[in-house]
Structures are given as C-alpha cells and as structure tokens.
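This report concerns only the one structure given below.
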Number of protein chains: 2
Amino acid sequence: MYKVALVDDHTLLSEAIGGLVRQFINFEVVNISVNGKEFINYLETANSDKPDVVLMDVKMPVMGGVETTKYLSKYYPDIKVLALSVEEEEGVVMQMIRSGAKGYLLKDTRKSILEQALLEVINYGFYYTNTVERIVKQTENLYEEEVVLKDREIEFIKHACTEMTYKQIAEKMFLSPKTIEGYRESVFQKLGLKNRTGLVIYAIKNNIFTP
Amino acid sequence: MYKVALVDDHTLLSEAIGGLVRQFINFEVVNISVNGKEFINYLETANSDKPDVVLMDVKMPVMGGVETTKYLSKYYPDIKVLALSVEEEEGVVMQMIRSGAKGYLLKDTRKSILEQALLEVINYGFYYTNTVERIVKQTENLYEEEVVLKDREIEFIKHACTEMTYKQIAEKMFLSPKTIEGYRESVFQKLGLKNRTGLVIYAIKNNIFTP
DNA sequence: TTAAAAAAGGGGATTTTCCCCCTAAATAAA
DNA sequence: TTTATTTAGGGGGAAAATCCCCTTTTTTAA
C-alpha cells in the first residue's frame with residue numbers, strides 16, 4: 001500500500017480528494033493537514049505513518065507550500081512532494097519545483113491523471129505535465145539569472161502595494177525618501193517594470209502581497 | 001433523491017466533491033460542468049435531469065458564478081444556488097448573494113457542513129454561515145449606496161491594471177486623455193480611492209481584473 | 001419637446017513618479 | 001589590508017498622475 005498525505009487549508013477539498021485517493025488501488029491516506037506546520041508536527045510524532053507522497057497546496061496560512069517543500073526536501077528527502085494548486089503563475093510553479101517538488105498538478109486535472117501522477121512520482125521519481133514541462137524549459141532556456149530580492153526590497157514592495165506615497169513609505173520604514181527611490185529603482189530594474197502598477201501586479205502574482 | 005449539480009472549472013475538485021455528495025444519503029449528482037455556459041447548455045437539453053441545488057464556484061472562465069447565478073435566478077428560480085468558493089472578499093460574497101445565491105460556503109468547510117448546508121437550502125431555502133451572515137448584515141447596515149460602475153468605467157479600470165499610462169489607455173480606447181481623466185476621477189470618487197495603486201488592488205479584490 | 005443627466009473633452013496647477021548620475025559609509029571578500 | 005559590494009542617501013529634471021473647475025455634445029426621461 002502506498003501512503004499518501006494531503007496538505008491543504010481547504011478542508012473540503014482535501015477530504016474530497018482523500019476520498020478519491022482511497023478509491024485508487026494500493027493507495028491509502030495516512031494524514032490530512034491544513035498547513036505545513038501541522039504536517040511537519042505530524043511527521044515528527046513518534047510512530048507516525050510516514051507517507052510516500054504528499055499532495056501539497058501552495059498558498060496556505062501559517063506555513064506555505066514552498067517553505068514546507070524546502071523543509072521536507074532537507075529533512076525527509078524520501079517523501080515525495082507533488083504540488084496540487086490553482087496557482088498557474090510561472091513564478092510560483094518554478095518556486096515549487098526549485099524547492100524540491102517532484103511534480104505540479106493544477107486543480108483542473110482529472111482523477112485518472114491524479115492516479116497516474118501519484119504512480120509515476122512513486123515509481124519514476126517525478127511527474128511533469130506538458131504545461132509544467134514547458135514552463136520549466138522556458139525558464140531554464142531563458143536562464144533568467146534568478147531575480148533575488150532582498151528583505152528590505154520585499155518590505156518596500158509590500159508597502160508599495162498600498163495607497164501610500166513613497167514619502168509615506170519612507171516614514172513608515174524610517175528611511176529617507178531618497179533611499180526608497182533607490183529601492184524602487186533597483187526593484188524596477190531587476191524585474192523589468194515600467195511603473196508602480198506593474199510592481200503591484202508582480203507582487204500579487206508572486207505572492208509577495210495578497211490583496 | 002435530491003439532485004445536485006456541480007459547476008467548477010477545477011475538475012479534480014468537482015469530481016472529488018461529487019464523490020462526497022454521493023456519500024450523503026438521499027443525494028445524487030446529476031451533472032458536473034466546468035463553467036456556467038456549459039451548465040446552462042445542460043439545463044436546456046431536453047429531458048435533462050434538473051437539479052434541486054447547484055454547487056457553484058465563483059471564478060470561472062467563459063461564464064463566471066455571478067453571471068450564471070443571475071441567469072439561473074431569472075430563468076430557473078426553482079434551482080437553488082449554493083456558492084462554494086475560496087473567495088472570501090466581502091464584495092464577491094455580496095455579489096453572489098445579490099445575484100440570488102442561497103448560501104455561500106468557503107472551500108475550507110467540512111464535509112458535514114456541506115451536507116447540512118445542502119439539506120437546509122433544500123428544506124428552508126437558504127443557508128448562511130456565521131461569517132457570511134456577518135458580512136451581509138454589515139453591508140446592509142452600512143447601506144453603502146451600492147457603487148455602480150459603468151461599462152466604460154470598468155473597461156478603463158481593466159486597462160488601468162496595466163503598465164500603460166493614461167495617455168496610452170486613451171489611445172487604446174479611442175478617447176481623449178482628458179476623457180480618461182474624467183473616468184479616473186469618477187471612479188476614484190465612487191470608490192474612495194487615493195491613487196492608481198488603490199484602484200489596482202480594488203479591481204483585483206472585486207474580480208474586475210485577474211492578475 | 002424640453003429639462004436633466006450622462007458622456008466626452010479641456011485648462012492649468014500641484015504632487016508624485018520616474019530616471020540618470022553621483023557620494024559616503026558600512027560590509028564582505030580577496 | 002586593500003578592494004569590491006552593498007546599503008543609505010542625494011540633486012535635478014522630465015514625465016505622469018492627481019486635482020479642481022469648466023464647456024460642449026449626446027442621451028435619456030419626464
């Protein structure tokens with residue numbers, strides 16, 4: 001019997017998907033958690049039934065999919081993570097893959113594909129849909145020298161997703177308005193943005209800010 | 001037997017939730033559609049099995065939950081719509097309720113609540129969770145003279161969620177930049193916004209623009 | 001058919017944003 | 001220890017966005 005765990009804050013969905021998984025032959029559901037933190041707690045419980053595969057949502061409160069996947073890759077490399085999300089953003093997909101996810105399923109996949117994906121992840125170590133494969137290749141080919149935003153820049157971006165002017169942001173961050181201008185410029189340059197509107201859209205797409 | 005239909009673009013979820021519903025006694029699933037258009041097509045097919053309740057997602061391609069619910073309230077008032085979504089935005093919830101939804105479930109509700117909600121909608125005509133009830137009351141008490149955005153304004157807002165300048169938006173809409181300024185001003189005034197950043201956030205929160 | 005309302009456009013001033021280029025201090029790397 | 005790199009700060013100008021107040025044309029409704 002292959003053991004599957006589900007990590008998703010949408011209880012109804014994880015219960016329902018758990019039902020589907022139980023229908024597959026040779027599969028059982030050993031744990032359902034509502035976020036990464038809870039799942040890791042489960043794992044660290046003595047004689048907990050370690051799963052072979054985890055179906056992991058990306059956007060979750062407390063501890064998100066990316067963070068959790070990174071943790072699992074490090075401390076439980078035998079547990080395979082299969083991302084299962086509505087997020088189609090290339091950035092998000094790549095983040096999960098880079099964090100160690102063995103596959104990425106969109107929530108509009110069919111039951112049979114889910115079963116196939118689970119089996120392939122267990123037997124071959126990965127499962128990529130065409131879409132995801134395309135995204136991975138695209139991103140690799142473009143070898144876009146992975147944009148790295150600094151903490152202070154991310155903080156700035158969050159404030160920029162607000163009706164505050166840069167002057168007000170400067171006050172809030174206890175910095176001179178000119179320093180904020182500096183952040184603005186470096187962020188625009190790194191991300192290839194034209195204006196603040198673009199920044200807001202970027203921040204939302206990349207989960208830096210949630211409206 | 002109560003008949004249930006599911007309308008959701010996330011196939012995996014609707015299949016899985018369909019499985020849950022079938023477990024409830026006296027319930028059967030008569031149709032699963034991926035968007036409103038497809039569901040209405042189903043309804044209009046001769047001798048289609050008309051459902052008692054529809055579990056309706058809000059955000060869907062082609063024909064969304066709000067539009068579909070309005071249509072159903074008008075042409076199929078006997079079919080009760082129960083919204084089932086991850087959208088927690090007050091605006092979105094209210095839109096669904098105003099469009100005729102008999103209840104609004106978040107996707108993190110439990111299986112037992114789903115069954116209860118289905119039964120209550122069928123027997124009493126509605127099912128409101130505490131959260132939704134609070135939102136409805138809040139909104140009603142504030143009797144915020146329901147902001148009505150005109151088509152042209154909405155079109156403008158969509159363009160404003162872009163890196164285009166107002167001048168470029170004007171070109172795209174074949175209008176003078178000054179007219180665009182007029183839209184900007186009336187929209188800002190109606191929605192109580194300070195600047196374009198606020199507009200972008202509003203548009204995303206209210207499903208006018210999807211990043 | 002006439003009054004009212006909505007849509008389209010405008011002048012001009014102020015603020016904010018954007019852009020390019022530059023300096024000083026603190027940190028990290030060699 | 002010297003050399004980069006990062007972080008913080010700045011000047012000045014151009015462009016865009018914001019604001020207020022105003023006119024003309026088109027639609028709509030009484």
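First the proteins, then the strands, lettered A, B, ... as listed; each starts at 1.
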Exercise for the section: Kindly assign one of parallel, tilted or perpendicular to the pair A/Y71 and A/Y75, based on the angle between their ring planes and the thresholds 30° and 60°. Expected result: tilted
Handout entry: Note, B/Y2 side chain near B/L119 side chain (heavy atom, < 4.5 Å)
Key =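 Heavy-atom side-chain distance check passes, below 4.5 Å.
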Handout entry: Heavy-atom side-chain contact between B/I204 and B/T210 under 4.5 Å
Key =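 They are not in side-chain contact.
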Exercise for the section: Report the C-alpha distance between B/N35 and B/S33 in whole Å, list the side-chain angles of each, state the deciding distance to 0.1 Å, and finish with yes or no for side-chain hydrogen bond (donor to acceptor under 3.5 Å, both in side chains). Expected result: CA-CA 6 Å; B/N35 61 56; B/S33 302; over 6 Å; no
Exercise for the section: For DNA chain D, note the earliest and the latest nucleotide, 5' to 3', having some atom under 4.0 Å of a heavy atom belonging to chain A. Expected result: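 Counting from the 5' end, contacts occupy D/dT7 to D/dG12.
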Handout entry: Residue among A/K167, A/K172, A/E185, A/M173 satisfying side chain to side chain contact (heavy atoms under 4.5 Å, CB included) with A/I180
Key =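 Only one option passes, and that is A/M173.
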Problem - B/R196 NZ/CZ over B/Y166 ring centroid, <6.0 Å and within 45° of normal - result: yes
Exercise for the section: Please say whether the positively charged group of B/R184, taken as NZ for Lys or CZ for Arg, lies over the ring of B/F188, i.e. under 6.0 angstrom from the six-membered ring centre and within 45 degrees of the axis. Expected result: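 Yes, B/R184 and B/F188 form such a contact.
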Exercise for the section: Any chance you could list the contact pattern along nucleotides 8-20 of chain C? Use B for base contacts, S for sugar-phosphate-only contacts and - for none, protein heavy atoms under 4.0 Å, 5' to 3'. Expected result: SBBBB---SSBBB
